[in-house]
Amino acid sequence: HCALCELERLARRPADRTASSPTDLRHHLAERSSEFTKGHQADAHECLVATLDILEGCTLPGADPSSNLVRCLTTSHLDSTITFPQPCLGHPQPCPPRVQTAPTTIHSLSIEKIVTLEGALRGYLRAVPMDGDNQAICYECQHKQDAEQQLSLPDAAPIFMVHLKRFDAHGDKDARHVTFAASLKLDEFLPASPHAARASQPHLARLTGVVVHHGATVQEGHYTAFV
């Protein structure tokens, strides 16, 4: 049977609070990538991305990707706006803002100096200076300029997934406690609705699952999923 059938079997198992080992699902993953063969190590983020890729192939194969059920349920969009405060070289006005929109499935959030999930989302969407070695190139004058980058969420997927970045560049783990509730109010992170009826209804994301890493570094440990 396919990976979708295996996930359905796991979801329908008796709710007796016992652990379940997704061995058959791992076999499907191993068929797609050698990273998931027995004896190899892969993290939960890689596993999720590979699983979603398999599920996209299981649902409406060969159809228009934009209408794929899995993609419609899990894909949000992320706007990146780069503004240039100073005038272009040889121009009296600042370079025009540069806006790019990209689809995204998992929002990776820094937890540095963060204690709540909402705080991590605010940090994710805050304006970040682009200066020094990280200057932006203006499309008008083709020169590097000091700029500011602002991320924003034009929408939120029905299945909204976030990843707390706990490992640093050396693989060491930041084990600080980050609090989150059973529901996440997304209204402050999304643009206001132009429809009064919709604006009066809060945009709530209900918690349905958490994946937890057990271990001190990125090189060791295992993952447990709570659904």
Side-chain angles (χ1 to χ4, degrees), residues 19 22 25-26 29-30 32-53 74-83 98 100-137 144-153 156-157 159-182 184-186 188-189 205 207-227:
L25 180 60
R26 185 185 63 78
L29 293 172
R32 288 294 185 97
S33 172
S34 60
E35 293 180 355
F36 298 99
T37 55
K38 192 172 183 178
H40 286 68
Q41 179 174 296
D43 64 27
H45 183 272
E46 294 167 335
C47 180
L48 176 58
V49 171
T51 301
L52 291 175
D53 182 54
T74 61
T75 301
S76 303
H77 291 87
L78 191 65
D79 286 347
S80 171
T81 303
I82 297 178
T83 55
R98 195 169 80 206
Q100 293 180 316
T101 301
T104 183
T105 302
I106 306 167
H107 301 277
S108 293
L109 314 180
S110 171
I111 60 170
E112 185 178 0
K113 300 179 181 180
I114 294 299
V115 295
T116 67
L117 178 58
E118 289 86 351
L121 273 169
R122 293 185 191 106
Y124 178 59
L125 300 174
R126 76 178 188 276
V128 177
M130 302 181 68
D131 50 23
D133 294 334
N134 193 38
Q135 286 183 315
I137 297 178
K144 288 186 175 182
Q145 302 274 7
D146 284 350
E148 185 177 80
Q149 183 183 35
Q150 175 83 58
L151 298 181
S152 59
L153 290 171
I159 300 176
F160 188 77
M161 292 178 279
V162 298
H163 162 233
L164 302 182
K165 298 194 288 186
R166 291 192 175 274
F167 299 106
D168 61 20
H170 305 289
D172 296 323
K173 183 177 179 179
D174 184 343
R176 78 182 63 206
H177 185 64
V178 177
T179 63
F180 52 88
L184 174 64
K185 190 174 181 180
L186 292 170
E188 72 168 282
F189 308 110
L207 181 66
T208 56
V210 180
V211 178
V212 179
H213 175 264
H214 305 272
T217 72
V218 73
Q219 300 297 332
E220 63 180 9
H222 63 277
Y223 292 90
T224 302
F226 297 92
V227 181

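Numbers here simply count residues along the sequence, with the first being 1. What's counted below: heavy atoms across the whole structure, side chains too, no hydrogens, waters or symmetry copies.
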Side chains of [X] and [Y], heavy atoms from C-beta outward: is any pair under 4.5 Å?
{"X": "Val210", "Y": "Phe180", "answer": "yes"}
{"X": "Gln150", "Y": "Thr83", "answer": "no"}
{"X": "Leu153", "Y": "Leu125", "answer": "yes"}
{"X": "Val162", "Y": "Leu184", "answer": "no"}
{"X": "Leu151", "Y": "His107", "answer": "no"}

- From Asn134 atom CG to Lys144 atom NZ, the distance as rounded to the nearest 0.5 Å: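 NZ of Lys144 is found 9.0 Å from CG of Asn134.
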- Note on the structure: To the nearest 0.5 Å, atom CE of Met161 lies from atom CG of Leu48 at 5.0 Å
- Which pairs with one or both residues in residues 161-181 pass salt bridge (charged side-chain N to carboxylate O under 4.0 Å, His left out), sequence neighbours excluded? Asp174-Arg176
With a cut-off of 3.5 Å and sequence neighbours excluded, list every side-chain donor-acceptor pair involving residues 113-120.
{"from": "Thr116", "atom 1": "OG1", "to": "Gly119", "atom 2": "N", "distance (Å)": "3.0"}

Suppose we screen for side chain to side chain contact (heavy atoms under 4.5 Å, CB included). Which residues come up paired with [X], at least two apart in sequence or across chains?
{"X": "Asp131", "result": "Pro129, Asp146"}
{"X": "Ala225", "result": "Val211"}
{"X": "Glu220", "result": "Ala216, Thr217"}

- Evaluate whether atom NE2 of His222 has more than 12 neighbouring non-hydrogen atoms of other residues, nucleotides or ligands under 6.0 angstrom away.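 Above 12, so yes.
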- More than 12 non-hydrogen atoms from neighbouring residues, nucleotides or ligands closer than 6.0 Å to CZ on Phe167, yes or no? yes
Quiz: residues 74-82 side-chain donor-acceptor pairs under 3.5 angstrom, not counting sequence neighbours:
{"from": "Thr74", "atom 1": "OG1", "to": "Val70", "atom 2": "O", "distance (Å)": "2.8"}
{"from": "Thr75", "atom 1": "OG1", "to": "Arg71", "atom 2": "O", "distance (Å)": "2.9"}
{"from": "Ser76", "atom 1": "OG", "to": "Ala157", "atom 2": "N", "distance (Å)": "2.8"}
{"from": "His77", "atom 1": "ND1", "to": "Asp155", "atom 2": "OD2", "distance (Å)": "3.0"}
{"from": "Asp79", "atom 1": "OD1", "to": "Thr101", "atom 2": "OG1", "distance (Å)": "2.6"}
{"from": "Ser80", "atom 1": "OG", "to": "Gln149", "atom 2": "NE2", "distance (Å)": "2.9"}

- Shortest non-hydrogen contact from His213 toward Gly221: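 That would be NE2-CA, 4.2 Å.
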